[in-house]
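Input: a single structure, listed below in structure tokens.
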Amino acid sequence: MDNILNTSWQHPREQVAMVISRIYRRGLTTTSGGNISVIDEHGDIWVTPSGVDKGSLTIDDIVCVKADGSIIGRHKPSSEFPFHKAIYKARPDVKAIIHAHPPALVSFSIVRQIPNTNIILQARKVCGPIGYADYRLPGSAALGDVIADEFKKGFSAVIMENHGTVVGGSDLADAFLRFETLEFSARTILYASMVGTPNFLTNEQINDFDEHLVQLPVMEKAEHPSDERAIRHQICNIVRRACTQGLMTSSYGTVSVRWRGNDFLITPTDVPRWDLQASDVVQIKDGCAEPGKVPSRSALMHQKIYATHPHINSIIHTQSTYLMAFASSKANFNVRTIPESWIFLQDVHKVPFGQQFGESEAIISQLSKSCPALLIENDCILVTGDKLLQTFDYLEVAEFSAKSLVLAASLGEMVPISDEQVEDLRKAFIKE
């Protein structure tokens with residue numbers, strides 16, 4: 001697949017060009033804003049240039065600042081290069097840095113707050129504690145000093161006062177994972193605040209998560225006939241599409257498709273979703289997982305759903321920005337506000353956090369042909385369907401509906417259609 005980030009084999013200039021393009025396409029930086037760097041084993045720093053369009057930047061535009069200070073490239077290095085250099089000096093374990101002005105994190109920097117990453121399950125682990133750097137002149141050595149001081153304290157993500165954010169990582173994939181997850185957390189808090197009051201997980205709830213995980217037994221050997229391989233590519237294509245459209249992030253998102261009987265294929269654990277390849281997908285056959293791979297932590301739940309509901313042939317559960325506003329607050333995701341959405345989704349119920357563990361009887365019992373989607377508090381939207389494309393369509397419809405409701409919240413009271421109108425829809429469009 002194209003545009004797969006591989007920090008083990010790609011040259012630093014390829015990595016930098018790919019990730020800045022990814023950030024720009026997701027609307028997380030502007031044509032002139034943001035900068036990325038990677039430091040290699042020689043101490044040379046590969047960095048985005050100053051004054052070059054981020055929307056059309058290529059590998060030939062990436063600048064190398066040698067360890068001796070000399071510059072190789074046809075452009076000047078980013079004006080923010082001083083703080084990149086300061087961070088690398090302060091934290092030898094940091095090998096890649098991303099700085100940008102993503103809107104939600106800039107909002108927090110303007111009001112001088114740090115987002116509480118306990119808003120979603122994985123963010124505290126991915127992002128770690130968040131630092132805060134006081135305002136200094138952009139591009140100045142003083143700015144580099146205050147940011148480096150925060151990294152010296154052990155922070156790998158820092159809110160820059162009235163500016164934006166800067167994150168570091170063990171490589172560029174790690175840095176991007178942290179950057180995207182932190183921005184997603186900020187957006188979730190903002191949108192949840194627009195429809196209600198954000199609800200945060202406790203540290204105990206997050207820490208208990210791993211204790212509830214049940215690993216499937218491992219099969220001796222997996223075979224990959226052509227129909228199985230075709231499903232792998234379907235899954236990868238949908239995952240990439242979801243990432244591009246903001247319906248999935250590197251740190252969260254699971255897709256599975258029924259293969260034969262109750263056997264299925266599912267995305268793995270701990271592989272960044274942007275960079276998923278067909279060979280990463282995990283086969284589950286006769287209740288056993290493909291050897292040498294770790295399936296999604298929800299594999300047992302998917303297995304039970306397929307065994308219980310023969311009409312379900314694909315499952316997606318993910319974190320999309322506007323739906324998570326409802327999953328992370330007490331606000332009701334009322335699909336009855338939009339007739340077309342109700343026809344696809346009918347009423348979307350919410351289940352408490354913790355019900356997604358193990359075989360998840362509370363979730364499995366609520367799913368049906370008339371209830372294809374559920375919200376799980378502070379965790380995800382879970383969508384089921386027949387074909388994978390249909391399931392993805394349901395996800396898109398749900399997210400677009402949630403976006404409309406979030407935006408409508410500032411205009412006035414939301415008015416759903418009446419019970420009588422819903423019944424008319426049921427008679428006209430729903431096949432029992």
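Scope of the values below: all heavy atoms of this structure, side chains included, with no hydrogens, waters or symmetry mates. Residue numbers count from 1 along this sequence.
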Taking only distance into account, with no hydrogens and no angle test, what donor-acceptor pairs under 3.5 Å do side-chain atoms of residues 325-332 form with protein atoms, sequence neighbours excluded?
residue	atom	partner	partner atom	Å
Ser328	OG	Met324	O	3.0
Ser329	OG	Ala325	O	2.8
Ser329	OG	Ala331	N	3.3

Quick one: are [X] and [Y] in side-chain contact, heavy atoms under 4.5 Å?
| X | Y | result |
| --- | --- | --- |
| Leu382 | Leu367 | yes |
| Ile62 | Val47 | no |
| Ser250 | Thr181 | no |
| Val335 | Val348 | yes |

Query - salt bridge (Lys or Arg N to Asp or Glu O under 4.0 Å) between Lys95 and Asp40, intermediate numbers included - result: CA-CA 7 Å; Lys95 302 299 182 184; Asp40 68 18; over 6 Å; no

[Y] versus [X], side-chain donor and acceptor atoms under 3.5 Å:
| X | Y | result |
| --- | --- | --- |
| Asp61 | Thr58 | yes |
| Tyr132 | Glu161 | yes |
| Ser320 | Thr318 | no |
| Arg91 | Ser156 | yes |
| Thr30 | Tyr24 | no |
| Asn118 | Asn203 | yes |
| Gln245 | Glu396 | yes |

Query raised in the report: When rounded to the nearest 0.5 angstrom, what distance separates CD in Gln205 from OG1 in Thr202?
Result: 3.5 Å

Query raised in the report: Nearest 0.5 Å, what's the OH-CG distance between Tyr88 and Asp93?
Result: 11.5 Å

If every non-hydrogen atom of [X] is compared with every non-hydrogen atom of [Y], which pair is closest and at what distance?
| X | Y | result |
| --- | --- | --- |
| Ser37 | His84 | OG-ND1, 2.7 Å |
| Leu323 | Ala398 | CD2-O, 3.6 Å |
| Ala148 | Ala86 | CB-O, 3.8 Å |

Please work out whether the ring planes of [X] and [Y] are parallel, tilted or perpendicular, with thresholds of 30° and 60°.
| X | Y | value |
| --- | --- | --- |
| Phe176 | Phe179 | tilted |
| His317 | Tyr252 | perpendicular |
| His163 | His99 | perpendicular |

Does [X] use its side chain to pair, donor to acceptor, with the backbone of [Y] at less than 3.5 Å?
| X | Y | answer |
| --- | --- | --- |
| Glu290 | Gln283 | yes |
| His309 | Ile364 | yes |
| Asn237 | Gln234 | no |

Output side-chain donor-acceptor pairs under 3.5 Å for residues 265-272, partner residues at least two apart or in another chain, one line each.
residue	atom	partner	partner atom	Å
Thr267	OG1	Val255	N	3.1
Thr269	OG1	Pro295	O	2.7
Thr269	OG1	Arg297	N	3.4

Query raised in the report: Is it the case that more than 12 heavy atoms not belonging to Phe344 sit under 6.0 Å from its CZ atom?
Result: no

Query raised in the report: If you draw a 6.0 Å radius around CD in Glu223, do more than 12 non-hydrogen atoms from other residues or ligands fall strictly inside?
Result: no

Query - CA sep, side-chain torsions, deciding dist, call: Val19, Val16, side chain to side chain contact (heavy atoms under 4.5 Å, CB included) - result: CA-CA 5 Å; Val19 172; Val16 171; over 6 Å; no

Requested in this report: Please report the C-alpha distance between Thr165 and Met160 in whole Å, then the side-chain angles of each, then the deciding distance to 0.1 Å, and finally whether the side chain to side chain contact (heavy atoms under 4.5 Å, CB included) criterion is met.
Outcome: CA-CA 5 Å; Thr165 190; Met160 302 163 67; 5.7 Å; no

Query raised in the report: side chain to side chain contact (heavy atoms under 4.5 Å, CB included) between Leu395 and Asp393: does it pass, once the steps are laid out?
Result: CA-CA 5 Å; Leu395 171 62; Asp393 184 28; over 6 Å; no

Electrostatic pair [X]:[Y] at N-O distance under 4.0 angstrom:
| X | Y | result |
| --- | --- | --- |
| Asp347 | Arg336 | yes |
| Glu180 | Arg22 | no |
| Glu183 | Arg187 | yes |
| Asp174 | Arg178 | yes |

Query raised in the report: Looking at residues at least two apart in the chain, or sitting in another chain, which of them share a ring pair (Phe, Tyr, Trp, His ring centres under 6.0 Å) with His349?
Result: none

Query raised in the report: So Thr254 and Ile316, side chain to side chain contact (heavy atoms under 4.5 Å, CB included) or not? Walk me through it.
Result: CA-CA 6 Å; Thr254 298; Ile316 299 174; over 6 Å; no

Requested in this report: Check Ile159, Val167, Ile130, Leu28 against Leu105 for a side-chain contact (heavy atoms from CB on, under 4.5 Å) and give me the one that passes.
Outcome: Ile159

Report task. Determine, stepwise, if the pair Lys403 / Glu399 fulfils salt bridge (Lys or Arg N to Asp or Glu O under 4.0 Å). Result -> CA-CA 6 Å; Lys403 182 175 182 178; Glu399 176 68 357; over 6 Å; no

